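Heads up: the structure comes next, in structure tokens.
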Amino acid sequence: MKNTYFRQWISDLWNVMTHELKSIFQDGGFLIIFFVAGFGYPLLYNLIYRNGVLEDTPIAVVDNADCSESRRYIQKVDATREVNVAYRCTDMVEAKKLLEERKVNGIMMFPADFGEKLAMGETAKLSIYADMSSFLYYKNLLMGSEFVMLDEINHGKVQPISYTENLPYNRTFSYSIFLISAILLLIIQQVMFYGMTMLAGTAREENRGFATLPAHLHGRGVGRAVFGRSLAYWLLFMGLGIYIATIVPAICGFPQRGNYWDIIALLLFFVTDCVFFCMTWSSFIDKRETVFVLLLFISPICVFLTGFSWPISAFPSFWTGVSWLFPSTFGCRAFINMNTAGGDLQTVVPQLRAMAVQSAVYFVLASIAMYVEQQIYKKRELE
Amino acid sequence: MKRVYDVIRREVSIWRKRPVYMVGSICVMIVCSLFYLTFFQEGVPSDLPIGVVDYDNSSLSRNFIQQLDATQLGEVRQYPDFESARDDMERGVITSVCVLPHDMYADVLGQRQPEFTFYVNTLYFLGGSLAYKDILTMINLTAGAVQRETLRAQGVNEHAIMGKLRPVDIDIHMPVNPTMNYGSYLANMMLPGVLEMIIIILVIYSLGTELKYGTSRNLMSMTDGHITPAVGGKLILYTGLFTMIAFALMFLLYGWMHFPLEGSIWWMLLDAFLLVLASESIGVFIIGCVPVLRFALSIGALFSVMAFSMTGFTLPVEAMPAGIQGLAEIFPLRHYYQFYVHEGMLATGFAGSYQEIIHLLVFLFLPFTVLPRLRNAYVKQNYPRK
């Protein structure tokens with residue numbers, strides 16, 4: 001008896017899964033999202049952020065001092081990786097005009113008394129005007145001029161304390177390494193979310209519900225249906241996940257410091273979590289297209305919630321709570337720490353635990369949703 | 001004219017019946033505004049966790065730790081050894097690790113130049129770079145304090161000490177964003193980006209549902225088979241709705257939130273209005289090229305998500321590969337941003353921004369290239385609905 005129940009369970013599971021896979025591959029919209037966004041986006045983002053580092057930001061120099069010190073300073077600034085002295089102007093008016101024409105992204109101005117003050121052993125002032133349209137311009141200008149300033153301070157002097165700086169993981173402050181580490185796994189979640197909700201919406205439009213159970217069960221076996229559908233998505237997105245998390249970085253020459261099997265283990269947690277997450281939220285979608293109209297704005301918000309840019313310690317508590325709703329919050333952080341910082345599974349235990357809890361909660365919610373929907377359909381049929 | 005009026009009335013009744021239009025535009029904008037304006041509320045993050053390993057345990061090292069903790073940016077967490085600190089940095093718990101070497105103070109006194117080492121986790125953009133800046137400043141201050149003592153002992157007067165310690169001082173001006181407020185920097189572009197997204201998606205949705213539910217013939221019969229009044233009527237109404245949202249957004253950003261604006265708000269309103277028109281044109285173009293709602297929406301979604309990156313307000317476009325740089329021009333948000341830089345930051349007026357106005361207006365030609373195709377689709381309904 002037990003044996004037959006088990007067999008029946010497996011065969012139902014199989015049926016649900018294959019049925020789901022069939023409907024997935026018959027859906028053009030899903031396939032566009034899956035292939036273009038899933039396979040293309042990671043490569044496209046890598047291409048856009050390929051260089052990652054902004055070098056030689058053009059600036060204009062106004063040298064009112066015209067002394068050997070200022071000339072040495074200008075030469076050194078020009079020699080930094082960050083800044084390129086593109087124009088030398090006679091006055092600020094000319095330099096501001098260049099800034100307005102966007103030929104330069106910053107101005108460096110030496111006051112007339114620059115050399116005099118240095119000669120007298122006083123602090124000489126140097127003014128910088130930064131183009132704030134991108135923080136990277138500001139950063140380049142500040143770094144370039146500060147490096148030279150530090151160099152000048154140490155000029156012919158022995159410092160009491162020397163220092164060594166280490167910027168492991170991302171030596172050049174490359175923008176691509178920040179961003180790509182954060183969004184790779186997010187792409188998996190979002191592709192699945194839009195894909196699954198689209199299919200759920202279609203099913204409901206055609207009035208067959210997303211929760212169709214094998215007929216012979218008479219409405220029982222919600223577990224089989226949830227697992228069966230999940231398995232279909234899980235298989236597809238584990239494939240996509242392996243591509244995104246291991247093959248894409250290899251293609252694009254992106255750092256891969258994590259152990260391969262650790263990354264796969266992370267994917268197991270993350271993809272499972274995503275499947276139940278998407279299934280739960282897709283119960284609210286009754287029309288195929290509404291998900292784009294109502295929920296597309298979630299993607300950029302999820303990027304910020306990973307904490308790759310605005311530090312996690314500075315999140316307002318309300319948004320910390322919101323971030324716990326998404327698998328990506330934990331998955332992306334774990335991926336950053338593992339793939340790019342070179343941690344092992346031990347490093348990401350808190351995130352794995354969070355994802356396990358999320359999976360369990362979303363599984364229960366998805367099952368409840370499916371059960372409720374099933375009851376609704378039954379009632380409708382009776383009427 | 002009568003036809004256009006009929007189309008508008010028909011559209012209004014659709015809005016009434018299906019709340020998705022209002023929810024998808026106004027509610028989405030409100031939620032996003034709430035997010036982008038409250039998430040970065042602090043503007044500049046404070047109390048970033050910085051790990052310190054103090055092998056020295058002297059008055060100098062304790063003083064250093066105290067000072068670092070007292071900076072607005074940093075909050076010190078002490079670790080007994082480097083390994084545990086490094087593990088926490090790898091976990092992303094702390095932004096950086098400073099290692100104060102054994103006998104640091106003794107070496108300073110003996111002029112043996114001790115070596116101070118620090119590590120920054122540069123995988124977290126803002127946290128990493130701010131911690132980096134904070135630590136560098138503190139090291140220089142500490143070194144300066146030691147030097148000052150030496151110079152004082154040598155009998156150099158206070159005035160000359162400053163000149164020796166800090167021969168050059170940099171005075172940095174940041175027009176428009178003097179406090180380096182990350183929140184206003186991001187919200188300034190993210191919110192118009194969300195607006196562009198809403199517009200493209202809703203225009204595609206509105207024109208596409210006519211095909212999906214087969215109501216397009218009904219629409220065409222109201223305009224005697226002319227496509228221009230049919231699409232035009234719809235767009236007049238949408239332009240009104242989106243312009244309202246766009247203007248509300250401008251007043252929210254530059255009025256209520258007081259984000260700095262060098263130029264005049266009128267130019268920004270024009271910029272926002274042009275963004276609305278250009279985005280609508282993109283929407284019409286996409287559904288015209290692919291008159292199948294589900295495909296068109298997928299394409300529109302991919303396009304509008306891309307726009308955030310291609311605008312170049314984070315990584316500037318000139319740092320992207322050459323082939324990608326040209327691609328940036330096809331995103332209305334890119335031109336909105338350029339316009340904003342000219343007007344909002346540099347206040348160059350018409351002379352600076354006329355090129356962007358032209359760019360944005362060029363988008364308005366797009367719909368006309370696909371109207372005949374859309375008309376065919378509307379009348380014949382010969383595209384798959386699924």
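Every value quoted in this text rests on a predicted model; they were computed, and no experiment measured them. Atoms considered below: every heavy atom in the structure, side chains included; atoms not considered: hydrogens, waters and symmetry mates. In what follows, every chain begins at residue 1, and chains take the letters A, B, ... in the order their sequences are listed.
Looking at B:Q111, neither its backbone nor its side chain comes within 4.5 Å of chain A, counting heavy atoms on both sides. Of the atoms belonging to A:V53, it is backbone heavy atoms, and not side-chain ones, that fall under 4.5 Å from chain B. Using a 4.5 Å cut-off between heavy atoms, B:Y36 contacts chain A through its side chain alone, with no backbone atom that close. For A:V348, no part lies near chain B; criterion is any non-hydrogen pair under 4.5 Å. The contact between A:K287 and chain B is made entirely by side chain atoms (from C-beta outward), counting heavy-atom distances below 4.5 Å. For B:Q338, the part sitting under 4.5 Å from any heavy atom of chain A is the side chain, from C-beta outward, and nothing else. Contact of A:F114 with chain B is made through the side chain alone, with heavy-atom distances under 4.5 Å. Looking at B:I139, the atoms closer than 4.5 Å to chain A (heavy atoms on both sides) all sit in the side chain, from C-beta outward. For B:M310, the part lying under 4.5 angstrom from a heavy atom of chain A is the side chain only. Only the side chain of A:S313 comes within contact range of chain B, with at least one heavy atom under 4.5 Å from a heavy atom of that chain. In this structure, the portion of B:T348 lying under 4.5 Å from any heavy atom of chain A is its side chain and not its backbone. Of the atoms belonging to A:I33, it is side-chain heavy atoms, and not backbone ones, that fall under 4.5 Å from chain B. Heavy-atom distances place no part of B:V290 under 4.5 Å from chain A, backbone and side chain included. The contact between A:L118 and chain B is made entirely by side chain atoms (from C-beta outward), counting heavy-atom distances below 4.5 Å. Contacts of B:S304 with chain A are made by side-chain atoms alone, with heavy-atom separations under 4.5 Å and no backbone atom involved. With a 4.5 Å cut-off on non-hydrogen atoms, B:L186 touches chain A through its side chain but not through its backbone. No part of A:M109 comes within reach of chain B, as not one of its non-hydrogen atoms sits under 4.5 angstrom from that chain. With a 4.5 angstrom heavy-atom cutoff, B:Y337 touches chain A only via side-chain atoms. Both the backbone and the side chain of B:L315 have a heavy atom closer than 4.5 Å to some heavy atom of chain A. B:M345 touches chain A through its side chain: at least one heavy atom from C-beta onward sits under 4.5 Å away, while N, CA, C and O do not. Only the side chain of B:Y185 comes within contact range of chain A, judged by heavy atoms closer than 4.5 Å. Of the two parts of B:I135, neither the backbone nor the side chain holds a non-hydrogen atom closer than 4.5 Å to a non-hydrogen atom of chain A. For chain B, the nearby parts of A:M132 are the backbone and the side chain; heavy atoms of each come within less than 4.5 Å.
Heavy-atom pairs under 4.5 Å with chain B were tallied for A:A341, A:S181, A:A182; the largest tally goes to A:A341. Comparing A:N337, A:N105, A:L99 by heavy-atom pairs within less than 4.5 Å of chain B, the highest count is held by A:N337. Comparing B:H173, B:R91, B:K133, B:H342 by how many heavy-atom pairs each has under 4.5 Å with chain A, the most go to B:H173. Considering only heavy-atom pairs separated by less than 4.5 Å from chain A, the leading option among B:V146, B:V168, B:L297 is B:V168. Between chain A and the residues B:S298, B:G127, B:G193, B:G24, the largest count of heavy-atom pairs under 4.5 Å involves B:S298. Counting heavy-atom pairs closer than 4.5 Å to chain A, the top-ranked of the candidates B:F40, B:Y205, B:F35, B:F308 is B:F35. When each of A:I298, A:T290, A:L296 is checked for heavy-atom pairs under 4.5 Å with chain B, A:L296 comes out on top. Considering only heavy-atom pairs separated by less than 4.5 Å from chain A, the leading option among B:A319, B:G352, B:G344 is B:A319. In terms of heavy-atom pairs under 4.5 Å with chain B, the best-connected choice from A:T172, A:I312, A:L167 is A:L167. Between chain B and the options A:P311, A:S162, A:A130, heavy-atom pairs under 4.5 Å are most frequent for A:S162. Chain A forms the most heavy-atom pairs under 4.5 Å with one residue out of B:V97, B:I299, B:I324, B:V341, and that residue is B:V341. Between chain B and the options A:P168, A:G40, A:A37, A:A334, the largest number of non-hydrogen pairs under 4.5 Å is found for A:P168.
Between the side chains of B:N140 and B:T137, not a single donor N or O lies within less than 3.5 Å of an accepting N or O. Judged by distance alone, the side chains of A:R102 and A:S133 do bring a donor and an acceptor atom under 3.5 Å apart.
Within 6.0 Å of atom CD in A:Q346, 12 or fewer heavy atoms from other residues, nucleotides or ligands are found, so the atom counts as exposed in its surroundings.
Within the 3.5 Å criterion, the main-chain N or O of A:L136 finds a donor-acceptor partner in the side chain of A:S134. In this structure, A:Y49 contributes its side chain and A:F178 its backbone to no donor-acceptor pair below 3.5 Å. At distances below 3.5 Å, at least one donor-acceptor pair connects side-chain atoms of B:S25 with backbone N or O atoms of B:Y21. At least one donor-acceptor pair closer than 3.5 Å links the side chain of A:E205 to the backbone N or O of A:R288. Checked by atom type and distance alone, the side chain of B:N121 pairs as donor or acceptor with a backbone atom of B:M89 at under 3.5 Å. Looking only at distances, no side-chain donor or acceptor of B:E75 sits under 3.5 Å from a matching main-chain atom of B:P49. Judged purely by atom type and a 3.5 angstrom limit, A:T57 has no side-chain atom pairing as donor or acceptor with the backbone of A:Y137. A:N339 contributes a side-chain N or O that, together with a main-chain N or O of A:P255, makes up a donor-acceptor pair within less than 3.5 Å. With A:T306 contributing its side chain and A:R333 its backbone, the two residues share no donor-acceptor pair below 3.5 Å.
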**Prompt:** Does the pair A:E146 and B:I170 meet the rule for a side chain to side chain contact (heavy atoms under 4.5 Å, CB included), with working shown?
**Reply:** CA-CA 8 Å; A:E146 277 202 345; B:I170 296 175; 4.0 Å; yes

**Request:** Please lay out, stage by stage, how A:E152 and A:R72 fare under the test side chain to side chain contact (heavy atoms under 4.5 Å, CB included).
**Result:** CA-CA 10 Å; A:E152 285 283 306; A:R72 188 177 70 220; 2.8 Å; yes

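Not less than 6.0 angstrom separates the ring centroid of B:Y340 from the ring centroid of B:F313.
Under a 4.0 Å N-O distance rule, the pair A:E101/A:K97 qualifies as a salt bridge.
The aromatic rings of B:Y132 and A:F173 sit tilted, their planes meeting at an angle between 30° and 60°.
Taking CZ of A:F135 as the reference point, atom CG of A:N140 lies at 13.5 Å (rounded to 0.5 Å). The distance from the OG atom of B:S309 to the OH atom of A:Y41 is 8.0 Å, given to the nearest 0.5 Å.
With B:F125 as the fixed residue, the ring pair (Phe, Tyr, Trp, His ring centres under 6.0 Å) test singles out one of A:F304, A:Y175, A:F308: A:Y175.
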